[in-house]
Every structure is written in C-alpha cells, then in structure tokens.
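What you see below is based on every heavy atom in this structure, not just the backbone, and it leaves out hydrogens, waters and symmetry mates.
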Number of protein chains: 2
Amino acid sequence: MSRISELVKVKKCSGEFVLAVNDTMNVLNGKWKLPIIGSLLYGKKRFKELEREIPKITPRMLSKELKDLEVNSIVTRTVYNTTPVTIEYELTKSGNSLNTVLDAMIGWGLQHRKMVIGKKEKVAETVRV
Amino acid sequence: MSRISELVKVKKCSGEFVLAVNDTMNVLNGKWKLPIIGSLLYGKKRFKELEREIPKITPRMLSKELKDLEVNSIVTRTVYNTTPVTIEYELTKSGNSLNTVLDAMIGWGLQHRKMVIGKKEKVAETVRV
DNA sequence: ACTTATGCTATACCAAAGTATAGCGATATA
DNA sequence: TATATCGCTATACTTTGGTATAGCATAAGT
C-alpha cells in the first residue's frame with residue numbers, strides 16, 4: 001500500500017508526511033534548482049561550468065541557489081587551494097537520491113500528457129456557469 | 001534502471017523528460033496546491049468544505065488554484081442544478097495518480113531528514129572561503 | 001601593460017505570487 | 001425584515017523571487 005493511501009486511511013502521522021513533502025518541494029522549488037541538480041547528476045562541476053551549461057542563469061542566482069542547496073545538504077562545496085582557488089560542487093548522497101523523486105515526476109508527467117492529449121475535447125467541454 | 005539514470009547515460013530524449021518534470025512541478029507549485037490535492041484525496045468536496053479544511057486560505061486563492069487545477073486536468077468541477085447551485089470538485093484519474101509522486105516525495109523527505117540530522121556536525125563543518 | 005577568466009557580492013529594480021478586505025446575487029433560516 | 005450561507009469576483013496592497021548591471025580580488029596568458 002502506498003504511503004499516501006495510508007495517509008488517507010489513517011490520519012495519524014500525516015503531519016510527518018506533510019513535512020516530508022514540503023521538504024522535498026522546498027529543495028526543488030524556484031526556477032533554477034532543477035537545472036542545477038540535473039546538471040550535477042552528470043558529475044561534479046565548477047561554477048563557470050554550471051554557468052555555461054545552464055542557459056540564461058545569472059551568477060547572482062547561481063551563487064544564491066548553490067548556497068541554498070548547500071545549506072540543505074543537497075550539494076557539497078569543496079575548495080582546493082590551487083592558485084587561484086578551484087571550487088567544485090557535487091551532489092551529496094541525498095542529492096543523488098533525488099533521482100527517485102525525479103523519476104516519479106517523469107513518470108507522472110509523461111502519463112499525464114498522454115491522458116490530457118487523449119481527452120482534449122472532454123477537457124474543453126468542462127461545465128462552467 | 002531508473003529513468004534519470006537513462007537520462008544521464010543517454011542524452012537523447014532528455015528534452016521530453018525535462019518537460020515531464022516541469023509539468024509535474026507546475027501542477028504542484030505554489031503554496032496551496034498540495035493542501036488542496038491532499039484534501040481532495042479524501043474524496044470530492046465543495047468550495048466551502050475546502051475553505052474550512054485548509055486553514056488560512058482565502059476564497060480568492062482557493063478559486064484561483066481550483067481553476068488552475070481544472071485547466072490542468074487535475075480536478076473536475078461539476079455543477080448540479082439544485083437551488084442554489086451545488087458545485088463539487090473532484091480529482092481526475094491523473095489527479096489521483098499524483099499519489100505516486102507524493103509517495104516518492106515522502107520517501108525522500110523522510111530519508112533526507114534522517115541523513116541531515118545524522119550528519120549535523122558534518123554539515124556545519126562545510127568549508128567556506 | 002592589457003586582456004581574460006574565476007568565483008563570486010552589491011545595488012537597484014521589476015514582475016509574479018500571495019494577502020486583506022469588501023462585496024454580489026441568489027436562497028434559506030429566524 | 002434581518003441575518004447567514006454559498007460560490008465566488010474586484011480592488012488594492014505587500015512580500016517574495018528573479019533580473020540587470022556593475023564591480024572586486026586574484027592570477028594566468030600574450
């Protein structure tokens with residue numbers, strides 16, 4: 001039985017579940033988190049590499065979002081004392097495990113698209129006062 | 001193999017996957033979508049019922065979000081010609097199937113909390129220039 | 001000496017998201 | 001007649017998120 005089904009049947013513990021969902025949403029929210037995480041799934045990257053790979057992101061936002069992800073233990077920031085300093089960003093174990101969530105999202109998204117396209121007329125027919 | 005793993009290995013089709021993830025995010029984003037969907041997972045509801053069940057939501061936001069969810073085929077809005085009219089909101093099949101995504105989120109959120117709490121010191125130690 | 005790159009931060013601004021408050025037309029309830 | 005409920009909408013405001021532009025310290029290349 002799925003956890004949400006449990007949640008539906010047993011109201012107990014729902015607080016904990018709601019918290020967990022919110023945590024996940026907060027980690028992913030905003031315009032840039034997904035592109036950043038997506039890019040880091042391919043391996044660790046430096047600041048400028050990310051800037052180049054993510055179209056239209058400003059350094060301000062990249063800096064801000066990376067800090068945010070670091071605070072939430074999604075990425076680690078490692079400083080190497082080369083000259084000049086080299087800094088690398090890498091997904092943590094938690095960060096990497098987000099792929100299960102992303103998989104679920106991909107699955108739902110693809111299925112939903114199919115359904116919606118299939119029922120296009122029905123959707124348009126929706127009753128309105 | 002997970003779909004994201006495929007995505008990582010085969011860059012082909014990643015566009016489709018990105019679209020799918022964005023669809024899912026868009027369906028869930030904002031402050032009120034989750035509470036509304038969560039509430040409707042228990043069964044169909046009328047406007048005032050939702051308003052009562054979701055603390056602090058204003059009718060403006062409830063109206064707006066329901067319309068949004070309807071446009072995205074997550075809920076249906078059915079008008080009964082009683083006097084005065086009765087209107088019921090209910091999750092579509094797609095809407096209901098969001099529980100798989102929510103399950104993944106619950107799973108990740110719970111695990112992440114455990115990890116972060118476990119590594120609290122390590123997180124604090126993170127190197128900073 | 002001059003340009004380029006790295007890894008950012010500061011300031012100012014703008015647009016989207018959300019809040020607060022009021023009200024409406026219809027009907028039911030006292 | 002007065003008040004309350006339903007299912008909203010309108011207007012104005014605030015807060016948050018994101019953009020644009022500039023700049024800085026360090027150092028490597030030419």
Side-chain angles (χ1 to χ4, degrees), chain A residues 22-40 43-72 74-91 126-129, chain B residues 22 24-40 43-72 74-90 126-129:
Chain A
N22 281 337
D23 283 358
T24 312
M25 290 297 288
N26 289 337
V27 158
L28 297 178
N29 89 358
K31 189 175 178 181
W32 301 110
K33 301 276 171 59
L34 272 175
I36 293 170
I37 292 168
S39 182
L40 289 176
K44 54 175 122 171
K45 297 269 165 64
R46 297 173 60 185
F47 193 88
K48 279 287 167 184
E49 289 180 276
L50 287 168
E51 206 180 335
R52 269 182 244 111
E53 280 191 20
I54 301 168
K56 308 244 176 189
I57 196 168
T58 59
R60 182 195 193 276
M61 288 312 288
L62 183 53
S63 174
K64 197 172 143 305
E65 299 291 51
L66 282 171
K67 217 170 278 167
D68 217 45
L69 290 168
E70 197 196 343
V71 167
N72 288 310
I74 309 302
V75 311
T76 54
R77 180 183 191 269
T78 316
V79 182
Y80 298 98
N81 62 352
T82 51
T83 52
V85 285
T86 306
I87 297 175
E88 279 187 341
Y89 297 92
E90 191 175 9
L91 290 177
T126 308
V127 189
R128 273 252 164 250
V129 186
Chain B
N22 281 337
T24 311
M25 290 298 289
N26 288 336
V27 158
L28 297 177
N29 88 1
K31 188 174 178 181
W32 301 111
K33 300 278 171 58
L34 271 174
I36 293 170
I37 291 168
S39 182
L40 289 176
K44 54 175 125 172
K45 298 269 163 65
R46 297 173 60 185
F47 193 89
K48 279 288 166 184
E49 290 181 274
L50 287 167
E51 205 180 335
R52 267 183 246 108
E53 280 191 20
I54 301 169
K56 307 244 175 188
I57 197 169
T58 59
R60 181 195 195 277
M61 287 313 288
L62 183 54
S63 173
K64 195 174 145 305
E65 299 292 52
L66 283 171
K67 217 169 280 170
D68 218 45
L69 290 168
E70 196 196 345
V71 167
N72 288 310
I74 309 302
V75 312
T76 55
R77 179 183 191 269
T78 315
V79 182
Y80 298 97
N81 60 352
T82 51
T83 52
V85 284
T86 308
I87 296 176
E88 278 187 342
Y89 296 92
E90 190 176 9
T126 307
V127 189
R128 273 254 162 248
V129 186

Report the residue (B/Gly30 or B/Pro84) whose heavy-atom-nearest nucleotide on DNA chain C is the more 5′ of the two.
B/Gly30
Consider the side chain of B/Pro59, meaning its heavy atoms from C-beta on, and name the nucleotide among D/dT9, C/dT19, C/dG7 that approaches it most closely.
D/dT9
Does C/dT6 have OP1 or OP2 under 4.0 Å away from a side-chain N or O of A/Arg52?
yes
Nearest-Å distance, CD (A/Glu65) to P (D/dG17)?
10 Å
Side-chain touch A/Phe47/A/Leu66, heavy atoms, less than 4.5 angstrom
yes
Between D/dG17 and A/Lys64, is there an OP1 or OP2 to side-chain N/O distance shorter than 4.0 Å?
no
Given C/dT19, D/dT19, D/dC6, identify the nucleotide with an atom nearest to the side chain of A/Lys31.
D/dT19
Please determine, for the side chain of B/Lys48, which listed nucleotide (D/dC6, C/dT27, D/dG18) has the closest atom?
D/dC6
A/Lys67 vs C/dT9: side-chain N/O to OP1/OP2 distance below 4.0 Å
yes
Between D/dT5 (P) and B/Ile87 (CD1): distance, integer Å:
18 Å
With a cut-off of less than 4.0 Å, is there a side-chain N or O of B/Tyr80 near OP1 or OP2 of D/dC6?
no
In whole angstrom, give the distance that lies between atom CE of A/Met61 and atom C1' of C/dA10.
15 Å
Between the base of C/dT21 and the side chain of B/Arg60, is there any donor-acceptor pair under 3.5 Å?
no
From CG of A/Leu66 across to C1' of C/dT9 the rounded distance in Å is 14 Å
In terms of side-chain heavy atoms of B/Arg77, which of C/dA28, D/dC8, C/dT19 is nearest?
D/dC8
Between D/dC8 and B/Ser63, is there an OP1 or OP2 to side-chain N/O distance shorter than 4.0 Å?
no
